[in-house]
Structures are given as structure tokens and as C-alpha cells.
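Remember, it's 1-based here, ligands and their atoms both numbered in the order they're listed. This chain uses plain numbering: 1 for the first residue, then up along the sequence. As the structure is a computational prediction, the values presented were derived from the model and not from experiment.
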Amino acid sequence: MSAEWRLTPQRASDVDAVVVPVWAGELPAELSPAFLAGSGFSGAAGQTLHLPGDPVTVLLGCGPRAAYGPDTARTAAARLARGVGGYRRLAVQAPDADLRPLVEGYLLGGYRFSGYFTAAPRVDQRIDLVAEDTPEARAALATGLRVGGAVLLARDLVNEPGEALTPPEFAERALKISSDSGLECEVWDAKRISHERLGGLLGVSRGSLVPPRLVRLRYRPAEPAARRIALVGKGVTYDAGGLALKPNAELATMKADMAGAATVLATMSTLGALNCPIAVDGWLPLTENMPNADPIRVGDVLRMRSGATVEVRHPDAEGRLILADALALAGETGPDAIIDLATLTDAAAVALGRRITAVMGTDEALSEAVRAAGRRAGEQFWPLPLPEEYRTQLTSRVADLVNYTIGVRHGTALLAGLFLREFVPPGIPWAHLDIQGTALSDTDDGEWVPGGTGVGVRTLVELLVSGGH
Ligand code: BES
Ligand code: MN
Ligand code: ZN
């Protein structure tokens, strides 16, 4: 579905349906109480009631007036989008002057991954926002479309089958998206990756018949920037578990193991248009984790970019191996902060569920800035610790570190975080977002639709465009 959005101070006469916001407790007096009671419509956020006519009137519940804000607006619009996709020309009366969450919500809730249906239902919509045409309203509409569109881009990448979105193909898309959005983009092939001594990325990719890539993205604002932040995203385009082949139920979701990389790419694609004031670098290590070709054996020792050696104890703990190299690379360039996103551990999902992303790191202020940006953008984060006394569980008898502690079932999200910390230069504030639980949704409600969520895009855009931490 694609749409053309307009701002119309007066509702055009040629619309098929008009959406009228209604506050809970203030239902329109012209509708009979008996009719309303029978319809079940109470004005709760996102409820809709279609009233026949020309145009059709769609009442949109916005909840109690006093509780209305960006989060309600986003949810209401996301629920609305599911029921009005069939109207070619839609007018939406804005409940208040804040158009951005309305636009975002509509895009998020109306999204479906339909690229592989032979007869994809496709309605090109014209959506008129009935609101005053002010510079602020225009900017809110444009920003909503940008940010919402970036979330959908991340979702599309996550939902793409593993066979279709291999590391080389991901890199091709990164080049295309970069040239469309004014980013610099450099792609390292296997030879360059080897030359750069990215032992973690090379090690993981050895099991795969398709070669790895490393994508380096650069955004620079028009004015010289006072600050520079590096983003690192886990890009395992398919995680079969390597020699430790996963069972089928887990294999079913492993095309999504590049969600971190997708979020970084999608986030950075908005920065130019939104005049982000700070410089941003993106580092995306891309590989499959497969049991073909010459897969890493348990017991093999990898020499990482940082120079440290890692004994591989578990071929399925591959994310931390490729992130270690990307974190080291990012660290070498001396940014003011590093933030990584990764579908890293099941433990993070077990701890915080499907709606809250785990944050770990070395800098209270940075973690808090991420959480605060999340609150403004409508995404939830919660801190997990990196306990110093667990660090001993990473020691190896044959190398500097192990990638996995045999026999330890507990606290594995924290151990993964502690492992990554080893590769971040001391002194550079670093935050690690484990998005394993939140990168995919299995429910269909509000802004959440089944499949990739694009989690992190809204928060990172908010954090970066507002100037960092
Ligand atoms: N991509 C997975 C995360 C994952 C695990 C997603 C389980 C869905 C279900 C990651 O690479 C991984 O395999 N993590 C494992 C590591 C462990 C098996 C060594 C984890 O922490 O669960
Ligand atoms: Mn794995
Ligand atoms: Zn993985």
C-alpha cells in the first residue's frame, strides 16, 4: 500500500470516507444512546465505528480527552489504519495539532509485508489530514512520514527471507539507500575483511557459502558537528546456529537476526532530511551463521580485530563475535559514544518480554539518554547490569576469552554484554541494546504487526536528531 498525504484545512468534497475523532465520555449527541450501546463503541483509543453515508463517517475513539497524547495518537491511528485501507480517498480530522504521531501510527498499523504474494492487494490511497496548514503542521507531517517510513524500511529488511537478503544483497541495498539519502557508504568484501583482520566476522562466515560484507556508513551534517556517535548493528542475515544447528522452531525466526543492522541503516537514512546536528557513523558486520563450507569448530581460536583471542565454545554465540570486531573498528575512530543493537540473547527476551528492550553499558548518562529518547518516541527500554563479578566466567584455558560459558544457563544476556565490553575502548561511553525480544512481534495490535517491528529506529532518530546525549 502506498499513500499520498496532503494537508487540507477544509475537507475536500470528493472523499470516500471521513474520520472524525471522538473522546471517550463525550460521544456525539446526535447518535442515539441505544445505537451506541448496541455498537459497543465507547470512544476507547483506536476503536472505530463506521456510519454509512456519502462519504462514510468513521468515528475514531481517542480515549479520554485528558489522557490524550502522542502515545494514544499513535495507537489510535495504528488501529484505524487496519480498517480503512479500502477507502481510496480518506480524510482524517486531526484530534489536535500534533500530527506526527498520527502519521507514524497510521503507517505502522497499516503495514503488511506483502512482497511475495502473487496477487498482492494494493490500494493507492490519498489521505487528507484536515488541519490548519501551518509550517509546524507541514513539518510534523513530513517528519512523521520520514520516521514512519524508516521503521517500515527496517521491517521490510527484517521480513525479507534469508535466501533473498544475503550479506552481499544487504550491502547492495545499503549502497542504494545511502545514495538516495545522502549518506556515504563503503562496502568491504571478504578480501578486505581478511586484510583488516576481522577474525570474528571471518570466523563466523566460514560456515557459509555466501561471502560476508562489512558496511560502513557516514552521515555528516552541513555545519561541522561538535559530536560524533557510532552505531553498530548485528547483521546475521541467517542464523542457523553454525555447527550447533538450531531446532526448526528457532530456525523459523532466524532470518530476523540482522534486525540490528536494519535498524542502523533505516535510522541513518533519515538523518539528512531531519537535519541531524551531530555526525553519525554506522558499522554493519554482515554474515550468515551456517554449518556448510568450513564452519568454525568448537575449540577453534579466533584472533579478533582488537588483537584479543577468543576460544569458540559455542558456534551459535556468533553475534558477539562479529560485533566484537565492529565495536573495535568503531572504537578506533574515537567517537564520543557507541551504541550497538543486536538480536543477541534469548535471555533478554525471557527477562523483559516482547515490548521492552534491554539496555546495558558503561555509561549511566548514555543509557538514560537512550531511555529518555525512547519515552519521547514511544519505545520502552529497561537497564540490565554488567556485573563485574561475572567477568571471570569469560576466562578460557587456551585464549584470552571464551564466547560462551559451558554449563551456565543463568544471566547469559549479561555475559554477552560483558563479552562485548571487552572490545570497547575504555573511556568511550557505550550502550548495548539487546533487541532479541523486541525485534519481532507475534501479535497484531496497535503499532505492532506480526514480523519485524523496526524497533529502535524511532528512539535512535529521536536521540540523534535532538543532539545526542
Ligand atoms: N540470534 C540468536 C538469538 C536467539 C536465541 C534468538 C534463541 C531466538 C532464540 C543468537 O545468536 C543466539 O543464538 N543466542 C543464543 C546463544 C547461545 C545458544 C550460545 C542465546 O543466548 O540464546
Ligand atoms: Mn546464534
Ligand atoms: Zn544470532
Note to self: Can you tell me which N/O/S atom of Asp257 has the shortest distance to the Zn ion (ligand 3)?
What the structure shows: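 This turns out to be OD2.
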Next item on the list: Any chance you could lay out the salt bridge (charged side-chain N to carboxylate O under 4.0 Å, His left out) test for Arg305 and Glu196, step after step, and finish with the verdict?
Entry: CA-CA 7 Å; Arg305 168 73 181 194; Glu196 300 280 354; 2.9 Å; yes
Going by the order shown, which atoms of ligand 1 are within less than 4.0 Å of some heavy atom of [X]?
X: Asp239; value: 1 (N), 2 (C), 10 (C), 11 (O), 13 (O)
X: Ala317; value: 19 (C)
X: Met254; value: 1 (N), 4 (C), 6 (C), 8 (C), 9 (C)
X: Thr343; value: 1 (N), 2 (C), 3 (C)
X: Tyr404; value: 19 (C)

Check: Taking the six-membered ring of Trp382, is the NZ or CZ of Arg371 close enough (under 6.0 Å from the centre) and on axis enough (within 45°)?
Finding: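 So Arg371 does make the cation-pi contact.
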Check: Quick one: is the NZ or CZ of Arg355 closer than 6.0 Å to the six-membered ring centre of Trp448, and within 45° of its axis?
Finding: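 That pair qualifies as a cation-pi contact.
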Item checked: Asp442 with Arg354: basic N within carboxylate O range, under 4.0 Å ->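 Yes, this pair counts.
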Item checked: Which residue and heavy atom of the protein sit nearest atom 9 (C) of ligand 1, plus the separation ->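 Checked against all protein heavy atoms, atom 9 (C) of ligand 1 sits closest to Asp346 OD1, 3.7 Å.
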Margin query: For atom 3 (C) of ligand 1, what's the nearest protein heavy-atom neighbour? Residue, atom name and distance, please.
Written below: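 The protein heavy atom lying closest is Gln436 OE1, 3.4 Å.
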Does the N or O separation between [X] and ligand 1 drop below 3.5 Å for any pair?
X: Asp316; value: yes
X: Asp257; value: yes
X: Leu344; value: yes
X: Thr345; value: no
X: Glu318; value: yes

Next item on the list: Looking at Glu318, pick out the N, O or S atom nearest to the Mn ion (ligand 2) and give its name.
Entry: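 For Glu318, the N, O or S atom at the smallest distance from the Mn ion (ligand 2) is OE1.
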Next item on the list: Please name the atom of Asp239, restricted to N, O or S, that is closest to the Mn ion (ligand 2).
Entry: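 Nearest to the Mn ion (ligand 2) within Asp239's N, O and S set: OD2.
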Next item on the list: Please state whether the separation between the Mn ion (ligand 2) and some N/O/S atom of Asp257 is under 2.8 Å?
Entry: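 So Asp257 does not bind the Mn ion (ligand 2) by this criterion.
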Note to self: Please report, to 10°, the angle around the Zn ion (ligand 3) from atom OD2 (Asp239) across to atom OE2 (Glu318).
What the structure shows: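 Nearest ten degrees: 90°.
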Next item on the list: Answer yes or no as to whether an N/O/S atom of Val236 is found below 2.8 Å from the Zn ion (ligand 3).
Entry: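 No, since none of the N, O or S atoms of Val236 sits under 2.8 Å from the Zn ion (ligand 3).
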Check: Do you see an N/O/S atom of Asp316, backbone or side chain, under 2.8 Å from the Zn ion (ligand 3)?
Finding: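 No, since none of the N, O or S atoms of Asp316 sits under 2.8 Å from the Zn ion (ligand 3).
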Let me know which of [options] forms a side-chain contact (heavy atoms from CB on, under 4.5 Å) with [X].
X: Leu420; options: Ile338, Leu323, Leu386; result: Leu323
X: Pro212; options: Asp189, Leu198, Thr237, Ile193; result: Ile193
X: Pro295; options: Leu243, Leu245, Asp300, Asn289; result: Leu243

Notebook entry, point to check: Where do Glu186 and Arg213 land on the salt bridge (charged side-chain N to carboxylate O under 4.0 Å, His left out) test, with the steps shown first?
Noted result: CA-CA 10 Å; Glu186 193 178 297; Arg213 293 286 186 268; over 6 Å; no
Item checked: The one among Lys234, Lys246, His314 that brings a heavy atom closest to atom 5 (C) of ligand 1 ->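 Comparing heavy atoms across Lys234, Lys246, His314, the nearest one to atom 5 (C) of ligand 1 lies in Lys246.
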Grab the two heavy atoms, one from [X] and one from [Y], that are nearest each other, plus how far apart they are.
X: Asp71; Y: Arg74; answer: OD1-NH1, 3.1 Å
X: Glu462; Y: Ala377; answer: CB-CB, 4.2 Å
X: Ala45; Y: Arg79; answer: O-NH1, 2.8 Å

Notebook entry, point to check: Should Met268 and Leu231 count as side-chain neighbours, where that means a heavy-atom distance under 4.5 Å?
Noted result: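 Met268 vs Leu231: side chains touch.
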Next item on the list: With heavy atoms under 4.0 Å as the rule, classify the contact between Val236 and ligand 1 as side chain, backbone, both or neither.
Entry: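 Under 4.0 Å from ligand 1, Val236 contributes no heavy atoms.
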Checklist line | Side-chain H-bond candidate by donor/acceptor type, Thr345 with Gln436, under 3.5 Å | finding: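 The criterion, which ignores hydrogens and geometry beyond distance, is not satisfied for Gln436 and Thr345.
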